[in-house]
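This report refers to the structure that appears directly beneath it.
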Amino acid sequence: MSFTPTSVLVTGGAGFIGSNYLLHVVPAHPDTQYVNLDALTYAGNLANLRAIEEADNYAFVHGDINEGALIDRLFEEHQFDAVVHFAAESHVDRSILDPTAFVTTNVHGTLVLLQAARKAWEGAKHACRFHHVSTDEVFGTLGMEGHFTADTPYAPRSPYAASKAAADHLVRAFGTTYDFPYVITNTSNNYGPYQFPEKLIPLVIRNAVVGDPIPVYGKGENVRDWLFVEDHCEALDSVLHQAGDQTTWLIGGDQEITNLELVERLLDEVDRATGKPVGTRRSLIQFVTDRPGHDFRYALDSSPVKEALKWTPKHDLSSGIARTVAWYLGNMDWLNDVLDGGYREYYAAQYGSRGMN
Ligand SMILES: NC(=O)c1ccc[n+]([C@@H]2O[C@H](COP(=O)([O-])OP(=O)(O)OC[C@H]3O[C@@H](n4cnc5c(N)ncnc54)[C@H](O)[C@@H]3O)[C@@H](O)[C@H]2O)c1
């Protein structure tokens, strides 16, 4: 199936994945208009989008996906035929401290968007498409073996994962109940440029550069599958344009590694890039009390998206880590700008004095 949108509402486009997505699609599809709706929470940063802010096919709107009247007005003004929905509260640790905003944005906000799209697309629905960007965490946790597939039953274990699962269910329920046109993608851990430095990889690089301790949960044995963000964005673009209606796609990097091994590889790469003997910075690692209900392992079977949509990630962990470390080292101003007072307070509440001076 081929779908070519003319006017796309992108929510959360000032966040980590959303900004990488816009940096990819805005120049790639000059005949498609993109409107980026973002509330600019602590995680939203318009500086990420400098390269496209003047583009003729790009506009930014500051607003909240929970504001139904605003969303209706944007649909009226821009005649969207696609929504690519990234906006979310996205950090598991924050959801453990307070789940409220996660339900408000991830569940209620998604419902507001679905309602607006359903109303606007009445009659023309099959020429339109709602793309919900979701996570592998909706499936719960794995042991040492096996992979999640699109048929794996949902078993979310954190408030963040539960809120994303609820949103996925709502999207599918709209599909069944109202014959609503959607696609869902569930993705593994992303990394790369413009990631907010509360997440593991930019946190490690930042602390490695300034010599702060590096907090690692438990014994660092949890296993994650890592996907370079640009590869993810290419997959998302393929799904929006090529996937069949009402389909779900799992997108992983096939790059599984324990958290401790990942941290060690990052520290070694920072050593290499800054001319220090490799291994010097490993002494910064400090093990901290494990996250409650910490999922042991996630892994996705991405073979359907590779076979049907001919997508392949261009980066393995080695090339992805090298590019990511080089990007953060070359953009320390970006990193320091992001590390404002609010971030530091949150960090102190999360890790105490162990990780931040
Ligand atoms: N980062 C990952 O590894 C990963 C993996 C799988 C899925 N996802 C999903 O991808 C999406 C994007 O993740 P991310 O890492 O870029 O998140 P992020 O936290 O970096 O960005 C979220 C963006 O949404 C905006 N936002 C938050 N609440 C809003 C609201 N009420 N109205 C409008 N905008 C709002 C924020 O300002 C921010 O720009 C999320 O839906 C997340 O669940 C992320």
Side-chain angles (χ1 to χ4, degrees), residues 9-23 35-49 60-68 70-71 74 83-95 100-113 116 131-139 148 156 158-168 171 184-202 224-233 235-236 249-253 255 295 298 300 302 320 324 338 342-343 346:
L9 172 63
V10 176
T11 70
F16 164 49
I17 304 176
S19 57
N20 276 284
Y21 178 80
L22 284 165
L23 291 171
V35 173
N36 172 16
L37 173 67
D38 198 298
L40 299 180
T41 67
Y42 78 94
N45 186 349
L46 287 178
N48 302 0
L49 296 161
F60 172 69
V61 176
H62 185 199
D64 190 323
I65 57 168
N66 288 289
E67 290 172 31
L70 167 68
I71 311 293
L74 291 175
V83 176
V84 182
H85 178 31
F86 294 95
E89 290 293 332
S90 69
H91 192 40
V92 175
D93 289 337
R94 285 179 186 263
S95 82
T100 313
F102 287 74
V103 174
T104 306
T105 287
N106 302 2
V107 186
H108 181 261
T110 301
L111 177 64
V112 171
L113 290 169
H131 183 166
H132 185 232
V133 180
S134 190
T135 169
D136 57 1
E137 299 188 33
V138 298
F139 299 116
F148 299 130
S158 71
Y160 163 67
S163 67
K164 294 296 290 186
D168 286 6
V171 174
I184 295 177
T185 46
N186 297 90
T187 310
S188 61
N189 281 30
N190 279 223
Y191 69 106
Y194 301 113
Q195 187 164 29
F196 192 79
E198 66 184 348
K199 301 278 174 79
L200 181 65
I201 288 184
R224 296 291 179 267
D225 167 32
W226 291 92
L227 175 63
F228 192 67
V229 64
E230 290 174 12
D231 291 328
H232 181 201
C233 293
L236 293 175
W249 303 86
L250 270 47
I251 305 169
Q255 300 291 306
D295 292 339
Y298 309 127
L300 295 174
S302 318
T324 303
V338 171
Y343 169 69
Y346 160 73

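As the structure lists them, so they are numbered: ligands from 1, and atoms in each ligand from 1. Numbers here are sequence positions counted from 1.
For ligand 1, the polar-atom distance check finds no N/O of N189 at less than 3.5 Å from any of the ligand's N/O atoms. An N or O contact shorter than 3.5 Å links F16 to ligand 1 by distance. Backbone and side-chain nitrogen or oxygen atoms of Y42 are examined, and none is located within less than 3.5 angstrom of a nitrogen or oxygen of ligand 1. No N or O atom of H85 sits closer than 3.5 Å to an N or O atom of ligand 1. Distances between N or O atoms of E89 and those of ligand 1 include no value under 3.5 Å. In terms of polar-atom proximity, K164 is counted as a contact of ligand 1, with an N or O under 3.5 Å from an N or O of the ligand.
Summarising the contacts of atom 39 (O) of ligand 1 with D38, V138, V229, the nearest heavy atom is found in D38. Which of N36, I17, D136 comes nearest to atom 1 (N) of ligand 1 through a heavy atom is settled by distance: it is I17. Summarising the contacts of atom 34 (N) of ligand 1 with S19, S163, A39, the nearest heavy atom is found in A39. By heavy-atom distance, the residue among S188, A101, G109 lying nearest atom 5 (C) of ligand 1 is S188. Comparing heavy-atom distances from atom 27 (C) of ligand 1 across G12, A88, A14 singles out A88 as nearest.
Annotation for P156 and A165: closest pair CG-CB, 3.8 Å, computed over non-hydrogen atoms.
Contact atoms of ligand 1 toward V133: 10 (O), 41 (O) (distance under 4.0 Å to a heavy atom of the residue). The ligand atoms of ligand 1 that sit less than 4.0 angstrom from a heavy atom of G63 are 32 (N), 33 (C). Within the listing of ligand 1, atoms 37 (O) sit less than 4.0 angstrom from a heavy atom of L40. Residue contact check: T41 has heavy atoms under 4.0 Å from atoms 27 (C), 28 (N), 36 (C), 37 (O) of ligand 1. Every atom of ligand 1 is numbered from 1 in the order shown, and the set under 4.0 Å from a heavy atom of T135 is 6 (C), 7 (C). If you number the atoms of ligand 1 from 1 as listed, the ones under 4.0 Å from a heavy atom of N66 come out as 31 (N). Short contacts between ligand 1 and S90, defined as distances under 4.0 Å to a heavy atom of the residue, involve ligand atoms 17 (O), 18 (P), 19 (O). Numbered from 1 in the order shown, with element, the atoms of ligand 1 that lie under 4.0 Å from a heavy atom of G44 read 37 (O), 38 (C), 39 (O).
In this structure, D64 is part of the shell of residues with a heavy atom less than 4.0 angstrom from ligand 1. Every heavy atom of F196 sits 4.0 Å or more from the atoms of ligand 1. Remark: distances from the non-hydrogen atoms of Y160 to ligand 1 include one below 4.0 Å.
Side-chain N/O atoms of N20 and N190 include no donor and acceptor closer than 3.5 Å.
Closest protein heavy atom to atom 11 (C) of ligand 1: F86 O, 3.3 Å.
Here the straight-line distance linking atom NE2 of H91 with atom CD of E198 works out to 4.0 Å at 0.5 Å rounding. From W226, atom CH2 reaches atom CG of N189 across 4.0 Å, with rounding to the nearest 0.5 Å. Rounded to the nearest 0.5 Å, atoms NE2 (H132) and CG (D168) are 5.5 Å apart. A distance of 7.0 Å separates CD1 of I71 from CD1 of I65, quoted to the nearest 0.5 Å. Atom CZ of F148 is separated from atom OG of S188 by 11.0 Å, given to the nearest 0.5 angstrom.
Using cut-offs of 30° and 60° on the angle between ring planes, the pair Y191 and F228 is perpendicular.
Of the possible donor and acceptor atoms, one in the side chain of N66 sits under 3.5 Å from a partner among the backbone N and O of G109.
Checked against the 6.0 Å centroid threshold, F139 and Y298 do not count as a close aromatic pair.
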